[in-house]
Amino acid sequence: MSIPSPYEPGHRRLVVPQVAVVVPYWDFWEPTVGPELRTGRERLLSAVADRLGEWGAEVVWQGLVDHADQGTSMGVEAASVSPDAVLVVQTMAVPPSYVQAMLEHLPQPVVIWAIQDSTTISSDFDASHITSLGATVGTPMLTNLLHRMSRPFELVVSSTSDPVAGETVADRLRAAAVAHRLQGARLARVGRPMDGYVCVDAGDDDLHRALGMQVVHISPQEVKDRYQAVGDDEIAVRRQEVDRHFAVGASPPQEDLTRTLRLAVAMETLDRDNAIAAGAINCHVPEIRFGDDPGLTPCFGLGCETTRGIPWSCTGDVLTAVAMLVAKGLSGAALYHEVEAIDFETGEVAIANSGEHDLGWTAEGQAPGFGPNPWFAHDPRTSFRAHFELPAGPASLVGFAHQPDHPSGFGFVVAEGEITGRELPRNPTAGGVFRFTTSPVTAAWTRWASAGVNHHSAIAPGHLAQSVASVAKFAGVKCVVV
């Protein structure tokens with residue numbers, strides 16, 4: 001998939017799960033039903049594979065498994081294409097050893113779709129129907145085994161005519177893919193967190209043990225070196241993109257604008273050359289903000305990379321970088337932010353940050369504002385930032401935090417709510433107004449803060465509690481739903 005321009009609004013970049021699909025089959029039942037039993041399962045396999053593409057997943061392998069030896073060979077074959085997840089479409093009673101033989105070669109997350117080819121139990125229900133409609137028999141045979149193996153799975157049950165079940169399955173597969181891609185994901189750390197900010201830090205080894213992530217240390221000097229290596233032609237291309245997609249104020253300070261764009265290009269090359277999946281930076285150091293060159297903050301560049309699918313946090317907050325990566329993968333957009341204040345009269349909270357953004361969460365047809373960042377107006381050089389109001393609609397807060405009571409030591413925290421559409425015209429950056437929909441604001445915010453999150457988190461479009469919980473289950477960490 002091509003990466004969208006980091007300056008073009010409206011592109012949501014969700015993870016596209018790559019899936020191996022298998023339908024378990026047992027010819028033991030053919031004398032009861034007839035040869036149409038197999039052909040019907042083969043048609044179902046093809047139909048599911050075709051529809052998954054419409055629901056936002058990519059099928060990279062598919063097959064019907066009908067004995068354990070075949071399961072072994074299919075497992076090896078499916079593993080060779082490195083799927084993110086395995087979808088087991090369970091329709092009938094089948095010895096679970098068939099799928100077990102496959103899964104021995106596929107450590108990826110498992111989603112089971114128990115699917116029945118009828119919405120009702122007819123008056124002529126007989127032995128043939130007991131066999132052909134046996135999803136509720138075959139599924140516990142498999143889930144029993146996975147449970148005994150302590151292997152996490154997600155389960156969806158529906159009829160073949162259910163209009164929304166496929167999308168639910170696709171959501172679970174996306175969560176599985178996000179969890180799977182955490183393993184080995186390269187998390188950049190530029191410098192150390194701000195002095196005293198112990199609340200945003202986590203040990204490299206701890207993150208690796210909990211999630212399998214690989215922490216990549218990058219010095220602030222490297223950012224400066226990359227900034228200085230950016231050519232004028234690259235800056236010119238970025239300026240054209242900004243003029244095309246943003247509402248640029250009249251007569252912007254040209255030197256500050258040039259430095260902002262140069263630093264954005266530097267962050268892009270840093271991500272590309274180091275194969276970074278997400279990052280955390282503390283820019284308040286002599287090599288970046290507090291020096292002569294670049295002499296300003298990279299907030300706009302962090303937003304550009306987040307828009308492109310590589311989310312970044314500030315102040316060295318590696319915990320929120322993880323939350324951003326998950327929220328972005330599940331919803332296609334994620335804004336790094338703080339819950340700034342409570343409106344006790346309306347039950348809302350203000351959402352804002354110091355200049356980061358994600359253009360994937362702009363309203364249709366909206367041209368985001370672009371101008372000097374008011375947060376740093378008193379610096380010798382003032383970086384530019386994007387400015388827009390988040391559009392009204394369902395939304396979720398997502399955090400990642402230490403959880404000492406869980407064996408992994410970590411967990412996700414998620415709270416569902418809505419962007420209300422109330423505008424704060426003088427809010428200096430991308431942001432909006434959020435309302436918890438699970439309980440009154442004082443109770444919801446108390447539970448949110450008490451769950452261990454720090455003062456930063458990701459906010460993303462959509463209700464993500466179930467999806468984040470699925471990611472946590474597959475990743476082996478805790479999940480707290482507020």
For this session: Hey, could you give me each pair passing ring-ring contact (aromatic ring centres under 6.0 Å, His included) that has a residue in residues 449-481? Not counting sequence neighbours.
Result: Y197-H455, Y336-H456

Exercise. Is there side-chain contact between S159 and D162, with heavy atoms separated by less than 4.5 Å?
Worked result: yes

Problem set entry | 4.5 Å side-chain heavy-atom contact, M324 and T306 | yes

For this session: Answer yes when K478 and D405 have at least one side-chain N-carboxylate O distance shorter than 4.0 Å, and no when they do not.
Result: yes

Exercise. Is there a donor-acceptor contact under 3.5 Å from the side chain of E154 to the main chain of V111?
Worked result: no

Problem set entry | Check: V265 main-chain N/O paired with R238 side-chain donor or acceptor under 3.5 Å | no

Exercise. Quick one: CG on L257 to CZ on R239, what's the gap to the nearest 0.5 Å?
Worked result: 5.0 Å

For this session: Indicate yes or no for a side-chain donor-acceptor contact from S313 to the backbone of D317 under 3.5 Å, with no hydrogens or angles considered.
Result: yes

Exercise. Would F400 and F412 count as a close aromatic pair, with their ring centres under 6.0 Å?
Worked result: yes

For this session: Flag the pair V169 / V156 as yes when at least one side-chain heavy-atom distance between them is below 4.5 Å, and no otherwise.
Result: yes

Problem set entry | Side-chain donor or acceptor of T382 paired with backbone N/O of F376 under 3.5 Å | yes

For this session: Considering only NZ, NE, NH1 and NH2 on the basic side and carboxylate oxygens on the acidic side, decide whether D293 and K224 come within less than 4.0 Å.
Result: no

Problem set entry | Smallest separation among heavy atoms of V59 and A49, with atom names | CG2-O, 3.7 Å

Exercise. When you measure from the side chain of T320 to the backbone N and O of A323, does any donor-acceptor pair fall under 3.5 Å?
Worked result: no

Exercise. Between V157 and I112, is any pair of side-chain heavy atoms under 4.5 Å apart?
Worked result: no

Problem set entry | No-hydrogen, no-angle side-chain donor-acceptor test under 3.5 Å, T429 and N353 | yes

Exercise. Where is the tightest heavy-atom contact between L211 and A475, given as atom of each residue plus distance?
Worked result: CD2-CB, 4.0 Å

Exercise. Hey, what do you get for CG (L302) to SG (C283), rounding to the nearest 0.5 Å?
Worked result: 7.5 Å

Exercise. Parallel, tilted or perpendicular for F410 and H402, by the 30°/60° rule?
Worked result: tilted

For this session: Side-chain contact test, heavy atoms from C-beta onward, threshold under 4.5 Å: evaluate it for L142 versus V88 and give yes or no.
Result: yes

Problem set entry | pair V433-V349: side-chain heavy atoms closer than 4.5 Å | no

For this session: Side-chain contact test, heavy atoms from C-beta onward, threshold under 4.5 Å: evaluate it for V339 versus F434 and give yes or no.
Result: no

Exercise. With no hydrogens and no angle check, is any side-chain donor or acceptor of W61 less than 3.5 Å from a backbone partner on S82?
Worked result: no

Exercise. Is the backbone of F384 close enough, under 3.5 Å, to the side chain of T260 for a donor and an acceptor to pair up by distance?
Worked result: yes

For this session: Apply ring-ring contact (aromatic ring centres under 6.0 Å, His included) to Y227 and list each qualifying residue two or more places apart in sequence or on a separate chain.
Result: none

For this session: Measure centre to centre between the rings of H147 and F153, then say whether the value is under 6.0 Å.
Result: no

Exercise. Taking atom CG of L330 and atom CG of L464, what is their separation to the nearest 0.5 Å?
Worked result: 6.0 Å

Problem set entry | Distance, nearest 0.5 Å, that separates CZ of F290 from CG of L296 | 12.0 Å

Problem set entry | Verdict with supporting geometry, R435 and E348, salt bridge (Lys or Arg N to Asp or Glu O under 4.0 Å) | CA-CA 5 Å; R435 178 185 288 117; E348 299 168 310; 3.6 Å; yes

Exercise. When you check the side-chain N and O atoms of H217 and R189, is any donor under 3.5 Å from an acceptor?
Worked result: no

For this session: Indicate yes or no for a side-chain donor-acceptor contact from Q254 to the backbone of P252 under 3.5 Å, with no hydrogens or angles considered.
Result: yes

Exercise. Between S396 (side chain) and G462 (backbone), is there a donor-acceptor pair under 3.5 Å?
Worked result: yes

For this session: Report yes or no: do E287 and Q221 form a side-chain donor-acceptor pair below 3.5 Å?
Result: no

For this session: Please name the pair of heavy atoms, one in C479 and one in A469, separated by the smallest distance, quoted to 0.1 Å.
Result: SG-CA, 3.7 Å

For this session: Could you note down all residue pairs passing side chain to side chain donor-acceptor pair (under 3.5 Å) where residues 384-394 supplies at least one of them, sequence neighbours left out?
Result: none

Exercise. So, H337 side chain and S457 main chain: donor-acceptor pair closer than 3.5 Å or not?
Worked result: yes

For this session: Sorted by first residue and then second, give each side chain to side chain donor-acceptor pair (under 3.5 Å) pair with at least one member in residues 441-452; sequence neighbours left out.
Result: S439-R447

Seminar exercise, completed: Of all heavy-atom pairs linking P298 and I288, the shortest is CD-CG2, 4.3 Å

Exercise. So does R192 have more than 12 non-hydrogen atoms from other groups sitting under 6.0 Å from CZ?
Worked result: no

For this session: Please collect all side chain to side chain donor-acceptor pair (under 3.5 Å) contacts where either partner lies in residues 324-333, sequence neighbours excluded, each pair once.
Result: K328-D358

Problem set entry | Pairs meeting criterion side chain to side chain donor-acceptor pair (under 3.5 Å) with involvement of residues 269-279, two or more places apart | R226-T269, R226-D273, D271-W312

For this session: Would you indicate whether W375, at its atom CH2, is surrounded by more than 12 heavy atoms from other residues, nucleotides or ligands within a distance under 6.0 Å?
Result: no

Problem set entry | Nearest non-hydrogen partners of P372 and P374, listed with the distance | O-CD, 3.3 Å

Exercise. Taking NZ, NE, NH1 and NH2 as the nitrogens, is one of them in R259 or D256 under 4.0 Å from a carboxylate oxygen of the other?
Worked result: no

Exercise. Under the salt bridge (Lys or Arg N to Asp or Glu O under 4.0 Å) criterion, do R422 and D343 qualify, and how do the steps go?
Worked result: CA-CA 12 Å; R422 175 183 173 187; D343 189 323; 2.9 Å; yes

Exercise. What are the two closest non-hydrogen atoms of L270 and I276, and how far apart are they?
Worked result: O-CG1, 4.1 Å

